Structure formats: C-alpha cells, structure tokens
Amino acid sequence: MADLMEKITSLAKRRGFIYPGSEIYGGYQGFWDYGPLGVELKNNLKREWWKYMVYGRDNVVGMDTAIIMNPKVWEVSGHKKGFSDPLIECKICHKRFRADGEEAVLAHEKEHNGKGSWTEAKTFNLLTEVLLGTTEPKEVAYLRGEITQGVFVNFANVVNSTRVKIPFGIAQIGKAFRNEITPGNLTFRSREFEQMELEYFVRPDEKESAEIYEYWKKERLSWYASLGIDKNKLRFADHPVDKRAHYARYATDIEYQAPFGWSEMEGIHHRGDYDLGNHKLSYKDPITMEEFTPWVIETSGGVDRALLFFLVEAYFEDGERVILKLNPKLAPFKAAVFPLLANKEELVGKARGIYLELKAKFGSITWDARGNIGKRYFAQDEIGTPWCITVDFQSLDDDMVTVRERDSAKQERIAIDKLQEYLQNKLQ
Ligand code: GAP
C-alpha cells in the first residue's frame, strides 16, 4: 500500500498537481507547490466546500482574516502555552520524532538495525515566529497556527455589521503554519497548509450544543462521501481526554483509511466558551436582551489533506491504464476537446471553435491534438478529465461529436449545439 503513495506522488509531480516546494534548491521540508492541475483541483474543492457550508445555509457568513495578528491573540488563545507536540529524540542520531508517532519511531529504529534509544518526551511549540519591523530589536509575531482566531477576534464586528443571530456560523478558508517536526506523506503533514473551517456559535446549553455537535459531525462526513469518498473508508475517532487540544471540551476526528493507515482529515471540536471567554467577548440576545458568552462548535478540515485523500480515493489502475475517478465537480478539467487528426485543417478548425466556446462557458476545458486518440484518452484518464469530445469527419456533415465518458469508456454522439447543456446537466 505504501507503493500507492509513491505512485500518487509521482503522478502528482509528472502531471502538474503537486511539486516539492523550492525544488531546484533541493526542496524545503514540509512545503509544497500546487501546479496547473493542482490549483484547479484545490479551487474546485474549496468552491464545493463554500457552496455546501455557506451558500447552502441562511445562517452562515464568510470571512477572510489576516495571517499575522497582534501577538497578544496567541497569548490569550492559549497557543503560546498549549499548542505543542511531545517529542522524543533519538540518542544515536539526534533526530526528533513525535512521541505519539509509533510508526515513524519503529521505522527509525529499523534504520538503526532495530536498536532504539530515546530521550524522555519534551514538548515543543508549533507556532511559527516571524520578525517584523525595520529597526532592532524586531518585533516577534506569529504566522497563524490555526485560521480560527481571526474569526473569534472579529466576533463582535460580524455581529454588529451583519444581521446574524445565534445560532449562526462564520466560515473561512485560508493558510495556517505549524513548525511540524516530522512533516511527511506528501502534503499530509506540512509546515504551510490550508484549512477550511466553520465556527458555529450557539447558546451555552449542554444538551443543545451536544445535538449541534452531532449534527455537524454527520454533515461533514456526508460532504466527503457526496464528493466520492467511500463511506467505509471514513470513521469518527473521538479524542481521549489526554489528547484533546487545549481549547476542546470534547472532540472527534473524521479519519480516512489512507495507504499509511487511518489518518485525521478533519477535526470537529466543541470549544465551549474557551475562546470568546478568553477574548472577553459576549453576545446580547436582541429580543430577550440576555447577555452571554456563546459556545462554539467547530468543523476544521485541511484542504491539502482532503485533496490528497480525494486523489488517493480516485486512483485506479486497469492494466497499464491509470484512471483518476474524481468527481466531475472536483476534476481539474471538465472536458477535453480533440480533432481526430491534427493535420486536417477542417477538423482542427471545428474542434478549436468548440474548445473556445466551452472554455468561455466552463473555464477549465483542455485541448489535445498530440498522438492518436487512444493516447489522448490515456492522458486524460490519468488526470481525471470526465469527458473527452472528438471532432471527426462525420462531424463535418452532421454537426455531432463523439463524447467519451472516463469511467465507463462509453461513447455517444451529441449534437454540437447541445454540448453545453449536456455538460451542464452532468455537472449538477
Ligand atoms: N482550528 C482547529 C484546528 O486547527 P486541528 O485539528 O489542529 O484543528 C484541523 O487542525 C485540520 O487541519 C486537521 O484535521 C488537518 O486536516 C489540517 N492540518 C492540521 N495540521 C496540518 C499539517 N501540519 N499539515 C496539513 N494539514 C494539517
């Protein structure tokens, strides 16, 4: 199964999904760049999340907050003190590992022929420091370790500037940074990554908040399933008390059965009044005038992890052929347009017209005139393009094209003037 990660890493680089960051300088551990196909997939994923979490509801609004905040935020939020991982150090080569990373620890011991000698676990803070200012001493600030705090510190702004009333949510997608000690498994654990989060503010009521927590657990799991992840490869893993983040009253992870074992894809946290309480923020009910500190139920997903797991889930081999069975809503290109032969002007001209029209409407449409049709199908299957459209000699007479579907390889003839409607219906 580890082999699958190698295949995906290689495909991701070869076809322009994910490249190692700063590669020409030897890379930089825990940093990745998304290529032309990766950025499409990532944008599609974030768009689907936003549609589901914001546009699909009438009590969720969005935000986009700053990455660097007043350093006081991180003191008050408890991250300066509590945002840490326990680490152990190999006494032979002084490499550091997470104390709870059993697999990596065992693998490392193998490198030393099964010999293991470790220091006691010590905690290391995950916040990434940045130095700001032009004169010495420079001011120490932090790249945000979670995107969440930007939402909390703006709680009163949102309440005062919009019409939200509790219960309501604030959604945000953005970059977060952590000084991870053992980045790895492609983008799974990176030092720069993106999160997609909902902070849902509720009344401070034990029973009601527990029901809302359960509601969001189900919502989030079914979102992954609706975009193609097999439900049998998803599960909830409740955090035992000693593994909960410093802000969580209780918490669960949505885990995916990755090639490297069950792994966290998203966290659902009951944060109680921890954050708004610490920031000394409250809410006044506009009808009863009752004032209270709302509780927060949070859904916090990793964009990069979701993208990686959607790639893993979509990867199929059929003999020599690789097919990425991505949900068409996520696929980087919605369709590819080909002239049957690249050296026949009439075919190329007609195909080009179709390509440009579809591109104007759908944006992510690709063109290929290289090699033979079989090779082009092969190349498009490998990047998950759901439909290939071929203009052949018959098209010149009947104004119809052959549309070939990725997963079934079935072909049908569709009138050129019905192509937009055809794709539109399929993409709904
Ligand atoms: N605001 C809550 C929070 O940040 P978290 O469980 O620490 O909670 C949420 O992180 C999600 O962010 C994780 O489930 C994971 O998908 C993603 N994530 C966390 N650390 C990551 C890392 N180093 N690399 C990639 N994704 C990460």
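In listed order, ligands and their atoms are each counted from 1. Fair warning: this is a prediction, and the values are worked out from it, not measured in the lab.
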Regarding Arg321 and the six-membered ring of Tyr377, is the cationic atom NZ or CZ under 6.0 Å from the ring centre and inside 45° of its axis?
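Not flagged: Arg321 not positioned over aromatic ring of Tyr377.
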Is the distance between the ring centroids of [X] and [Y] under 6.0 Å?
X      : Y      : answer
Tyr213 : Tyr250 : yes
His270 : Trp216 : no
Tyr283 : Phe201 : no

For ligand 1, the residues whose heavy atoms come within less than 4.0 Å (ordered by chain, then number):
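Only Glu146, Thr148, Arg178, Glu180, Thr187, Phe188, Arg189, Ser190, Phe193, Gln195, Glu197, Tyr247, Glu264, Met265, Glu266, Gly267, His269, Arg271, Glu298, Ser300, Gly301, Gly302, Arg305 have heavy atoms that fall under 4.0 Å of ligand 1, ordered by chain and number.
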Work out which heavy atom in Arg305 is nearest to a heavy atom in Phe188; give both atom names and the distance.
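Minimum heavy-atom contact is NE-O, 2.7 Å.
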Provide the closest heavy-atom pair for Glu266 versus Tyr224 in the form atom of the first, atom of the second, distance.
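Minimum heavy-atom contact is OE1-OH, 2.5 Å.
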